[in-house]
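For reference, the structure is listed below as structure tokens.
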Number of protein chains: 2
Amino acid sequence: MSATTDALKQARDEFVAQWGALGTQWGINRTMAQIHALLMTAPEPLGTDEVMEELEISRGNAHTNLKELVAWGLLRVVVRKGERREYFEAEKDVWKVFIMVTRERKRREIDPALQVLRKCAEESQDIDTPEGRAFYEQMRQLEEFVEFASTMADRVAGMKHGFALQMAAKMLG
Amino acid sequence: MSATTDALKQARDEFVAQWGALGTQWGINRTMAQIHALLMTAPEPLGTDEVMEELEISRGNAHTNLKELVAWGLLRVVVRKGERREYFEAEKDVWKVFIMVTRERKRREIDPALQVLRKCAEESQDIDTPEGRAFYEQMRQLEEFVEFASTMADRVAGMKHGFALQMAAKMLG
DNA sequence: CATTGCTTTCAGAAATTACTGAAACTTCAG
DNA sequence: CTGAAGTTTCAGTAATTTCTGAAAGCAATG
């Protein structure tokens, strides 16, 4: 193995390890983040066994997290003709990755919050004391804000990269 | 206790419990989210003992999470004249809460990612093979995007509520 | 319909994270 | 200085999350 190939392997391993550590901070499990990093920097699709070997993890773990990444829309399953194995390929376009993550987080984090806030607002609607009114108002304000966030998330997720940049330029200028 | 007071307590308990559960999904610990919910809906500042009693948690747990919330800028410490106890009061303005959370998440999630990406880009800068170039390019694209996110976070965190609404209207219109 | 090659599931083990309760520390008043 | 009232720390325990390895499932092939 040549010196440059070795240097690449090293840089890539570093990236995988660090991305995994970051994932933990973002509330994503380490293995999932590592697999994502590995595949985002893979020149071609990898199979379950290759992922297992590269990251030194069990089949069950590799399988679960690969499927989870597919559910997030961050990996595609690739089947090669004449082969039974499944290969996995990462979305490499950074903007598309961002869109996927935004959609998924909205679904998992924003939508449930909205449910809760609406329920609490409704339940406190008719409580006719100063404290009751204050509580209701607080719920309403949270609800309004989260609704706003929800709309923004949808908007952003629908944008084309170019448009987003244009908007950002306006915002920043 | 009157019926309406009772209904309020019930609604509030529900909110605290659910907000705690949501917190878990956001990668924030349950107790911290519960304390935050409790104080956001408290008509006046509470002391450690009241928080302990309300949520049925230990002193150590209450203390740690109260201080953590202060560190996030989501609670203020209030001292009443002639008293030694510390009381805690939540920021109730939803927009201000959002700003604080944005700042803190940028610091904890975006900045470290940028460090990692810069290091990996630098390390792979001179690897002169097709795979090396591809890796370097991927790091650069990620870096560029995260830089963009960082700038946006700073911008948003510097906005006044009114301005944000105005911008949102433009975006959505 | 038996075998092969691969995918999926899941019970138990390991690792991580959060909580308790008690002791140590700090500050103030008498 | 001593005690009272409160804050802070932390070792050990509990709860939760993640991972392993093996068994079960499934589809294609001969």
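Throughout, protein chains are lettered first and strands after them, A, B, ... in sequence-line order, and every chain is numbered starting at 1. Here the structure is a predicted model, which is why all the values come from computation and not from measurement.
Residues that satisfy the side chain to side chain donor-acceptor pair (under 3.5 Å) test with B:R133, not counting sequence neighbours, are absent from this structure.
A donor-acceptor pair under 3.5 Å is formed between the side chain of A:E91 and the backbone N or O of A:D93. Checked by atom type and distance alone, the side chain of A:K92 pairs as donor or acceptor with a backbone atom of A:A42 at under 3.5 Å. A donor-acceptor contact shorter than 3.5 Å is absent between the side chain of A:W19 and the backbone of A:L38. For B:Q141 (side chain) and A:V94 (main-chain N/O), no donor-acceptor pair under 3.5 Å exists by modelled atom type. Using modelled atom types, one side-chain atom of A:R12 and one backbone atom of A:T41 make a donor-acceptor pair closer than 3.5 Å. One N or O on the side chain of A:N65 and one on the backbone of A:N61 form a donor-acceptor pair closer than 3.5 Å.
The aromatic rings of B:W95 and A:F145 sit perpendicular to each other, their planes meeting at more than 60°, with 30° as the lower class boundary. Aromatic ring orientation, B:F15 versus A:F135: perpendicular (interplanar angle above 60°, classes split at 30° and 60°).
Contacts of A:N61 with the nucleic acid, taken as non-hydrogen atoms under 4.0 Å apart, include base atoms.
The residue among B:I28 and A:K67 whose nearest nucleotide of DNA chain C lies closer to the 5′ end is A:K67. Remark on DNA chain C: of its neighbouring residues B:T64 and A:T64, the 5'-side contact belongs to A:T64, judged by nearest-heavy-atom nucleotide.
Between B:S150 and B:D111 the shortest heavy-atom distance is OG-OD1, 4.2 Å.
Proximity of residues 30-53 of chain B to DNA chain C (heavy atom under 4.0 angstrom from any strand atom) is restricted to B:T31. Residues of residues 14-25 of chain A that place a heavy atom closer than 4.0 Å to DNA chain D do not occur.
Within a 6.0 Å radius of CD in A:E147, more than 12 heavy atoms belonging to other residues, nucleotides or ligands are found.
Residue A:F88 contributes atom CZ, which lies 13 Å from atom P of C:dC6 at whole-angstrom precision. Look at CD1 on B:I57: it is 13 Å from C1' on C:dG21, rounded to the nearest Å. Regarding A:R85, its CZ atom lies at a distance of 12 Å from the C1' atom of C:dT7, rounded to whole Å. In this structure, CG of A:L66 is placed 12 Å from C1' of C:dT7, rounded to the nearest angstrom.
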Worksheet, complete the sentence: Expected string for nucleotides 22-30 of chain C under the B/S/- scheme (protein heavy atoms, under 4.0 Å, primed atoms plus P, OP1, OP2 as sugar-phosphate) is -----BB--

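Scanning DNA chain D 5' to 3' for nucleotides with an atom closer than 4.0 angstrom to a non-hydrogen atom of chain A gives a first and last hit of D:dT18 to D:dA27.
Using a 4.0 Å cut-off, no side-chain N or O of A:N29 falls inside it from OP1 or OP2 of C:dT16.
Clustering of Ile, Leu, Val, Met, Phe, Trp and Tyr by side-chain heavy atoms under 4.5 Å joins A:V78 with A:Y87.
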Item to complete: Test ring pair (Phe, Tyr, Trp, His ring centres under 6.0 Å) on A:W26 and B:W26 and set out the steps.
Response: CA-CA 8 Å; A:W26 306 336; B:W26 306 336; over 10 Å; no

